[in-house]
Protein chains: 2
Amino acid sequence: MDAVPARPARIQDVAAAAGVSVSTVSNVLNRPERVTARTAERVRIAVAALDYVPHPGAAGLRTGHSFAIGLVLPDVTNSFYARIARGAADAAYDHGYSLVLCHSGDAPEREQGYFSMLVEQRAVGVVVVPLSADPGRLARLRERGIPLVLADRAMTDREGCSASVDDIAGGRIAVRHLLDSGARDILVVNGERGIRQCSDRYQGARQAVRSHRGARLGQVVAERMTVAYGTEIARGLTDLPDGVFCTNDFLAAGLCRGLAERGVRVPEDVQVVGYGDLDVATFGATTLTTVRQPVEDLGRAAVEMLLDEIDARADHLHETRVFAPGLVLRDSTRPPADH
Amino acid sequence: MDAVPARPARIQDVAAAAGVSVSTVSNVLNRPERVTARTAERVRIAVAALDYVPHPGAAGLRTGHSFAIGLVLPDVTNSFYARIARGAADAAYDHGYSLVLCHSGDAPEREQGYFSMLVEQRAVGVVVVPLSADPGRLARLRERGIPLVLADRAMTDREGCSASVDDIAGGRIAVRHLLDSGARDILVVNGERGIRQCSDRYQGARQAVRSHRGARLGQVVAERMTVAYGTEIARGLTDLPDGVFCTNDFLAAGLCRGLAERGVRVPEDVQVVGYGDLDVATFGATTLTTVRQPVEDLGRAAVEMLLDEIDARADHLHETRVFAPGLVLRDSTRPPADH
DNA sequence: CCGGGTGTGAAAAACGTTTCACACCCGGTC
DNA sequence: GACCGGGTGTGAAACGTTTTTCACACCCGG
């Protein structure tokens, strides 16, 4: 029935409508215990009638507090990062903060551009999935004193919180499962050595094999971690292992297809474990046993640590949270033998 | 070398450092033509020395203008929506706006919650990928006069801009390609009839077949649009068509696998076209010819129309932009015969 | 040398909120 | 009966900008 209001109602309008002072309205909204139930009720009615919504810019001006937190990541299109974003968005929503999506797209200068933007916006904190491990690039935020949390990468210099998943443990449980299911000759199909995740997962695999007498471990490195390269590797294998751990589901899916082409049966002849529990794990003829990472938790935890740092300020302890991955059992491995 | 500044510099500090008035500093920053080059230079030096960054909240308070635009979508984890987000983020970045990620997660009440949040934040505009076609749910934003653009769905009531892809055209080019490549007995493997995209794509398929004498069209509806259901359908097919158009790449990938199981060769015996150019299109033994949608453009265009509406205000014309999909040729179809 | 026009910079108000300090009223206590 | 104190509410300043209005100095022509 009302026309579109030319301008939204201000606190002053509410005060006038309720017949109280501006400060009383503010008190009702921010410190209800300081005001009589009767007055508060009157004010609340006026608020509702005028559809009054406080102006956060003005409030922030006075309080010095804003409600924007930044999320900087290389590529939302990558499902891993998207899952981080989802977790972060959920946590931010739950706490009444808004999440500013910053898509750095693998370009360092763009990452820096976003950092500047977040500084300008007076973001209250930033969650970063960094492009590289170089902590220097975070300087722009640091020197402004903007709290910072790293996701998917441990903070190297103890200057902030971080949330990541334990890739060593992931490699360990993957290979331990192969061993428990009867495999003895294990092959790791890995990505490039330089990638931290890859070397960690391999290290976990080594740990598992080492603690199991009679088990052997080999490794082959794929140029790129794609389905096609996985297939390629399966074709090139000369003597077959009885268990394969691919450090990525794309490789695993491709490998399974390549094995099928050769008439090798999975899991009867060769058991395969992938990593990541990506969609592709369920696309193939035999679904993949794989390592699932609690990626949403990464984003959620990052935001929550950030908010803790903001609230606690002085007595906040930087924390390096490491999440444990889990195993998803599907058709590419046999059930473990009972002990 | 400086310690972390207790508080960021204000415009007043800059004025003092440069030996000019506050308003001059503001003029240098916002209307440089109103001030002497010499003075401007002095001010700029002071700005750099103090690392001064204007407080957007304070500025917005005065100007009534903010730099936040909202992006409301069902699920960032879905690659389609993620691509919209990427396009939107890029466009927002280019224009100096920040994008607030709102992850409604298929929950209407959460979508409403985000709308309220965006109203509170005084967002300057919102891009919505709506959960349902019901325009009533957009009321909260409308009554506040917040400009609104729909992505992936045409605005039904002409009350705003929208960006979407032409699914009818998509179905048409898919099936026309099958016909051009020699197929005559076409089967559409579709999703549920109620989904607008599905019925549009089927309609496009019908158009293509109709304008081609001697061609037949059949349809089978999959309960869900997944790889598994695609395989299921391939297994259940009694008399084989020579061309299949799946309205989704998951179905297509599954179908190809199912056909392979039966010893049916793709594309020699049956040609297959998918839809979406999802990752899965390149995962299988035969890569999928598919319809590629310019999804990033959707997000980008949505943001740009929004900004136009904000700038132009009075003389802005609502626009319904429809993007044309294209065909990606791969191994699941034969090359078209020359004419 | 004076007056008018022009261009440059300054002063001050306004944006919408929070919060501190204070005023008031009431009941209870000495 | 006066004082005190707790509980409620108000006034006003402050947050950091932008923008309008205004003053002043300078230059040039008469």
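All values below come from the heavy atoms of this structure, side chains included, with hydrogens, waters and symmetry mates left out.
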Any B:Thr24 side-chain nitrogen or oxygen under 4.0 Å from OP1 or OP2 of C:dG9: no
Do A:Arg10 and A:Tyr52 form a cation-pi contact, if we require the NZ or CZ to be under 6.0 Å from the six-membered ring centre and within 45 degrees of the ring's axis? no
Whole-Å distance between D:dT19 P and B:Asn27 CG? 9 Å
When the distance from CZ of B:Phe67 to P of D:dT18 is rounded to whole Å, what number comes out? 10 Å
What does D:dC26 pair with, Watson-Crick or G-U, if both distances are under 3.5 Å? C:dG5
Selected nucleotide, minimal atom distance to A:Ala58 side chain, candidates C:dT17, D:dG16, C:dA10: C:dT17
To check you understand the geometry: which heavy-atom pair defines the closest contact between A:Ala40 and A:Val35, and what is its length? CB-CG1, 4.0 Å
Can you measure B:Leu29 atom CG to D:dG16 atom C1' for me and round it to whole angstrom units? 13 Å
Please check: side-chain N/O of B:Thr63 versus main-chain N/O of B:Ala59, any donor-acceptor pairing under 3.5 Å? yes
Report which part of the nucleic acid B:Val35 touches: base, sugar-phosphate, or nothing (heavy-atom distance under 4.0 Å, all strands). sugar-phosphate
Separation of atom CD in A:Gln12 from atom P in C:dT18, rounded to whole Å: 14 Å
In whole angstrom, what separates B:Arg42's CZ from C:dT8's P? 14 Å
Near-ring test A:His65/A:Phe67, centroid separation under 6.0 angstrom: yes
What's the closest nucleotide to the side chain of B:Ser26 if the choices are D:dT18, D:dG9, C:dG16? D:dT18
Answer with base, sugar-phosphate or nothing: what part of the nucleic acid does B:Val14 contact at a heavy-atom distance below 4.0 Å? nothing
For B:Arg34 and B:Gly57, find the nucleotide of DNA chain D closest to each by heavy atoms; which residue's nucleotide sits nearer the 5' end? B:Gly57
Describe the nucleic acid contact of A:Val22 in one word from base, sugar-phosphate, nothing, applying a heavy-atom distance below 4.0 Å. base
Nearest-Å distance for atom pair CZ/P, residues B:Arg62 and C:dG16: 10 Å
Flag, side chain of B:Asp308 to backbone of B:Glu304, donor-acceptor distance under 3.5 Å: no
Please confirm whether the shortest side-chain N or O distance from A:Thr36 to OP1 or OP2 of D:dG7 is below 4.0 Å. no
Within the 4.0 Å heavy-atom criterion, would you say B:Thr63 contacts the bases, only the backbone, or no part of the nucleic acid? sugar-phosphate
D:dA14: pairing nucleotide in any strand, Watson-Crick or G-U under 3.5 angstrom: C:dT17
Rounded to the nearest angstrom, tell me the gap between atom OH in A:Tyr52 and atom C1' in C:dT18. 10 Å
What's the spacing between A:Ile69 CD1 and A:Leu306 CG if we round to 0.5 Å? 5.0 Å
Quick one: label B:Arg122 by what it contacts on the DNA or RNA (base, sugar-phosphate, nothing), any heavy atom closer than 4.0 Å. nothing
Quick one: which of C:dA10, C:dT17, D:dG11 gets closest to the side chain of B:Ser23? C:dA10
Length of the line joining B:Asp13:CG and D:dC15:C1', which is rounded to integer Å: 13 Å
